[in-house]
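So the structure is just underneath, and the comments pick up after that.
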Amino acid sequence: MTSAVSYRKEGAIAILTADNPPVNALGHAVRDGLVTGIAQANEDPEVRAILIICAGRTFFAGADIREFGKPQVAPSLRDVHEAMTASGKLIVSAIHGTALGGGFETALASHYRCALPSAKVGLPEVNLGILPGAGGTQRLPRIAGVEKALEMITSGRPIGAAQAKAMGAIDVIVDGELLPAALDYVNRLVAEGAPLRRVSDLQIDAASLPDGFFDAARARLAKEKRGFLAPQKCVDAVEAAVTLPFAQGLLRERELFEDCMASTQSRAQRYAFFAEREAAQIPGLGKEVKARPVASVGVLGAGTMGGGIAMNFLNAGIPVTLVEVKAEALDRGIATIRKNYEATAAKGRIKPEDVAKRMALLTGALEKSALKDADLIIEAVFENMELKKSIFAELDAIAKPGAVLASNTSTLDVDEIAAATSRPGDVIGLHFFSPANVMRLLEIVRGANTKDDALVTALQVAKTIGKVGVVSGVCYGFIGNRMLEPYGREAELVALEGATPSQVDKALYDFGFAMGPFAMYDLAGLDVNHLVRESHRDKLPTNPNYYAIGDAVYKLGRYGQKTQAGIYTYTPGSRTPHPDPVIETLVQSEAARLGIAQRSFTDAEIVERCVYALINEGARLLAEGIAYRPGDIDQVWLNGYGFPVYRGGPMIYADIVGLDKVAAKIAEFRAQYGEEYWPHAPLLEKLAAAGKSFADWREVM
Ligand code: TC6
C-alpha cells in the first residue's frame with residue numbers, strides 16, 4: 001500500500017483509509033493506493049465488502065488540482081472507478097466533511113454511501129472552468145434525476161447530507177463516530193446480502209423531461225453565467241447522460257472535460273483558486289504570528305459604508321457598536337441595516353428570526369467612548385485626511401491597549417493617519433468595497449509600522465467575515481484604485497477620440513466586466529470621483545485631456561445614478577443606463593476644445609487601451625512591492641472591480657495574451673501618448689524581453 005491509503009481488515013470488511021492532508025485530494029498516491037487496496041481485497045476470499053473512508057478533516061475534496069495541466073500519471077481517477085466497478089466486492093463510501101468533485105464522484109462509483117449529518121457533497125468543478133470528468137455528469141443524473149443533477153453540476157454549490165439523501169445520492173445518514181457507524185452499516189448490508197448496486201445500471205426517465213429542456217438550460221446559463229464556457233459544456237455532458245448509453249456517455253464526458261481543461265478559462269480559474277488562498281500568506285510571516293482575538297467591533301460612521309461594514313460582523317455573530325455624531329444619522333443608519341435584513345429575509349435568504357438575532361448584536365452610540373472595549377475599531381467617515389487624523393487621535397485616547405485601529409480609507413496615506421496616534425503598530429487600513437456587505441474584496445493596507453500580529457488579525461477578520469483579504473502597501477489608491485485611475489483615464493480618452501461612452505462600456509462588458517467604466521462612474525458618483533481628483537490634483541497628470549469628460553459632466557451637476565443623470569440618464573427607481581445625446585455632444589465638443597481628432601474604434605482596440613493600462617500599472621505596483629504577487633493584484637480585480645472571473649485577473653490575462661505582445665502594444669501607446677500616461681514598467685519589459693510571464697516575475701527582480 002502507499003502511505004496515502006492504508007489497508008486493514010475488520011472481519012469480512014476491508015477498510016481503505018485515505019490520509020492525504022489537508023483535504024485528502026485524490027492525487028496520484030491516493031489513486032494508486034485505492035487501486036492497490038481494491039486489488040488486495042479482491043484477492044482475499046474472506047473479504048465480503050470494501051469500506052472507503054478518509055482520515056483527517058474531510059472525505060476526498062476532489063482531484064488534486066495541482067496535478068492539472070501536467071501529464072497524468074496512471075492510474076487516473078477513471079481507472080480507480082473502473083477498478084471499483086470491476087470488483088466483485090460490495091463497496092461503500094463513508095463520508096464526512098466535504099465530498100467534492102472527484103471525491104463525490106468516487107462515492108457515486110461505490111455501491112452504497114453513508115454520511116455524517118454534517119457532511120456535504122458537491123460537484124464544484126464548474127468553478128474551476130471544468131466539468132465533473134470522472135463520471136459525475138453520467139452518474140448523478142441517474143441517481144438524483146436530471147434536473148437536480150444539472151442544477152448541482154452547473155451551480156457548483158454543495159448540498160448537505162439530508163438533501164443529498166432526499167435525492168438518493170446518499171443512502172443513510174449515520175450518527176456518532178463515522179468509522180464504527182459505517183462498519184455497522186456495511187455489516188448490515190453484507191448480512192442482508194445487499195446486491196452490488198451500480199449507479200451506472202440505473203435508467204434515466206428521459207420522457208419526463210420537459211421539451212427543449214437542455215436548450216432552455218443553455219439559454220438560461222448563457223445569461224446567468226455570461227461568457228463562461230464550462231456551464232455550457234456541463235449541459236452538453238448531462239445531455240449525453242440522457243441520450244447515450246453509460247459507457248458512451250462517459251466517453252463524451254471525457255471529451256468535453258478535455259475541451260474545458262485545455263481552455264484558457266480553466267487555466268485562469270484554476271490559477272484564481274490558488275491565488276485566492278495564497279493571498280492570505282504573507283511573505284516572511286510564519287504561523288508563529290498569531291491573530292489577536294476579535295470578539296467585538298466598533299464602527300465609526302453609520303453611513304452606507306459604515307452600515308455595510310457593520311453588517312459583515314453581525315452576520316458572523318460578532319457584536320458591533322456603531323457610533324455616529326448625530327442621533328438622526330445614527331437612527332437612519334440602524335434603520336437601513338434593519339431594512340436590509342428584512343429585505344433579505346423577505347427573499348428567503350435568511351430566516352425571519354435571524355433579523356432580530358443580528359439586530360440584537362448591534363448597539364448604537366453617540367460617543368466614541370462607547371468603543372473603549374472594542375477589539376477592532378473601523379473608521380468609516382468622510383474621506384478627508386484632517387478629519388481622519390483627529391478621529392484617530394481621539395481613538396488613541398479611548399481604545400483599550402491591543403485594539404486594532406482600522407481606517408476604511410480608499411486612497412489616503414495610512415502611515416500619516418497612524419502617526420496621529422501613539423500606537424502606529426496597531427493601525428491598519430481595511431478598505432471595504434461598496435456595497436460592503438456584498439463585495440468579497442477586503443483590501444488590507446499594511447502601514448510602514450503596522451505590527452505583524454495586527455496584520456494577521458486583519459487577515460483572520462477577512463476570513464471570519466467571508467471576504468478575500470488582499471494585503472497592499474501604502475500608496476495613493478492602494479492596489480485597486482491606483483490601477484483604476486489609468487483604466488478610467490483610457491476609457492475617457494478613447495471616448496474623446498471617437499468611441500461613444502456606451503460603445504466603450506459595451507466593449508468592456510462584452511470582454512466580461514460586470515459593467516463598463518462609465519456605468520461604474522455613474523454608480524459610484526461622478527462627484528465623488530471629481531472630489532478625489534481635486535484632493536490630489538498636484539500629483540496627477542497635467543494634460544488637459546485627463547478625465548476631461550468626468551470633470552465636465554460633474555460641472556453640469558450630473559453626478560450619476562443618485563441624480564438620475566451622469567454619463568447616462570436613469571428613470572426614477574431604475575438603475576438601467578440610457579445613452580444620452582447631450583453627453584455624446586458634450587464629448588464631441590470636449591474633443592474639439594482639446595484638439596483631439598475623432599475616429600472610429602473597434603471593440604478590441606478599446607479593450608486593449610483600457611486593460612493594458614491596468615497591466616502596466618499592475619507591473620509597476622509589483623515592482624514597487626505594493627502588491628506581493630501578481631495573484632494578489634488579480635484577486636483585487638476579480639473580487640472588487642468585476643473583472644471577468646474566467647479571465648483570472650489582469651496579470652494572468654497578460655500572461656495568456658503573451659507579455660511580448662502586451663509590452664509591444666504598450667510601447668506603441670507610449671510613443672503616441674507619452675511617458676506621463678504610459679510610464680515605463682521595467683518589470684514588464686524585462687519579462688517580455690526574456691520571453692517570460694508574470695508567473696516568473698521573481699526571476700527578473
Ligand atoms: C475535480 O475533482 C475533478 C475531477 C475530475 C478528474 C478527471 N487539490 O480552501 P482551503 C488545498 S476538481 C489540491 O484553505 P477550507 C488548498 O489549496 C476539484 N489542493 O480550506 C489549501 O492549500 P494551502 C474539485 C487543494 O477548509 C488547503 O488545501 N474540488 C484542493 O477553507 C486548504 O484549503 C474542489 O474544487 C484540491 N482539490 O476549505 C474543491 N482543495 O493550505 C476545492 C483544497 O497550501 N477545495 N486544496 O493554501 C475547496 O473548496 C476547499 O478547499 C475545501 C476546504 C472546502 C475542501
Side-chain angles (χ1 to χ4, degrees), residues 4 18 20-31 34 54 56-82 95-109 118-140 152-153 155-160 230 233-234 237 250-262 266-267 269-283 286-287 440 459-460 462-469 629 631-632 635:
N20 184 28
V23 296
N24 284 313
L26 284 150
H28 175 254
V30 177
R31 298 193 305 270
L34 289 172
C54 292
R57 65 198 229 212
T58 180
F59 194 73
F60 310 112
D64 189 337
I65 308 168
R66 285 171 214 273
E67 290 182 359
F68 288 177
K70 300 177 188 154
Q72 257 251 344
V73 185
S76 70
L77 194 53
R78 294 182 195 98
D79 296 335
V80 174
H81 297 170
E82 265 169 36
I95 302 171
H96 74 295
T98 42
L100 300 177
F104 186 35
E105 290 176 300
T106 301
L108 290 172
S118 55
K120 289 194 168 140
V121 301
L123 294 171
E125 286 88 339
V126 71
N127 298 324
L128 298 168
I130 54 176
L131 53 83
T137 65
Q138 306 304 298
R139 287 195 177 90
L140 192 59
M152 262 186 98
I153 292 168
S155 75
R157 261 192 306 276
I159 57 170
K233 299 274 182 188
C234 287
L250 274 187
L251 291 176
R252 179 76 183 124
E253 175 195 85
R254 179 176 198 148
E255 260 169 36
L256 293 162
F257 176 82
E258 308 271 313
D259 287 353
C260 287
M261 194 57 110
S266 174
R267 176 177 161 195
Q269 287 179 257
R270 283 181 273 128
Y271 157 90
F273 174 87
F274 288 115
E276 182 180 325
R277 279 148 186 86
E278 198 178 14
Q281 319 287 330
I282 303 310
K287 296 225 182 305
R440 281 192 82 213
L459 283 158
Q460 181 54 49
K463 196 165 176 151
T464 305
I465 60 176
K467 304 263 184 232
V468 178
R629 293 155 291 234
D632 289 3
Q635 283 299 308

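Numbering of ligands and ligand atoms starts at 1, following listing order. Reckoned from all heavy atoms, side chains included, excluding hydrogens, waters and symmetry mates. Computed from a prediction, not measured in an experiment: that's the story for all the values here.
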Would you say CZ of Arg277 has more than 12 non-hydrogen atoms from neighbouring residues, nucleotides or ligands within 6.0 angstrom? yes

All pairs passing side chain to side chain donor-acceptor pair (under 3.5 Å) where residues 60-71 contributes a residue, at least two apart: Arg31-Glu67

Side-chain heavy atoms of Phe60 within contact of Leu77, under 4.5 Å: no

Minimal non-hydrogen separation, Glu105 against Leu123, with atom names: CG-CD2, 3.9 Å

Please determine, by modelled atom types, if His96 and Ser118 share a side-chain donor-acceptor pair under 3.5 angstrom. no

Can you work out which protein residues put a heavy atom within less than 4.0 Å of ligand 1? Pro22, Val23, Ala25, Arg57, Ala61, Gly62, Ala63, Asp64, Ile65, Arg66, Phe68, Arg78, Thr98, Leu100, Gly101, Gly102, Glu105, Pro124, Glu125, Leu128, Gly133, Phe257, Phe273, Phe274, Arg277

CD1 (Ile130) and OG (Ser266) are apart, to the nearest 0.5 Å, by 5.5 Å

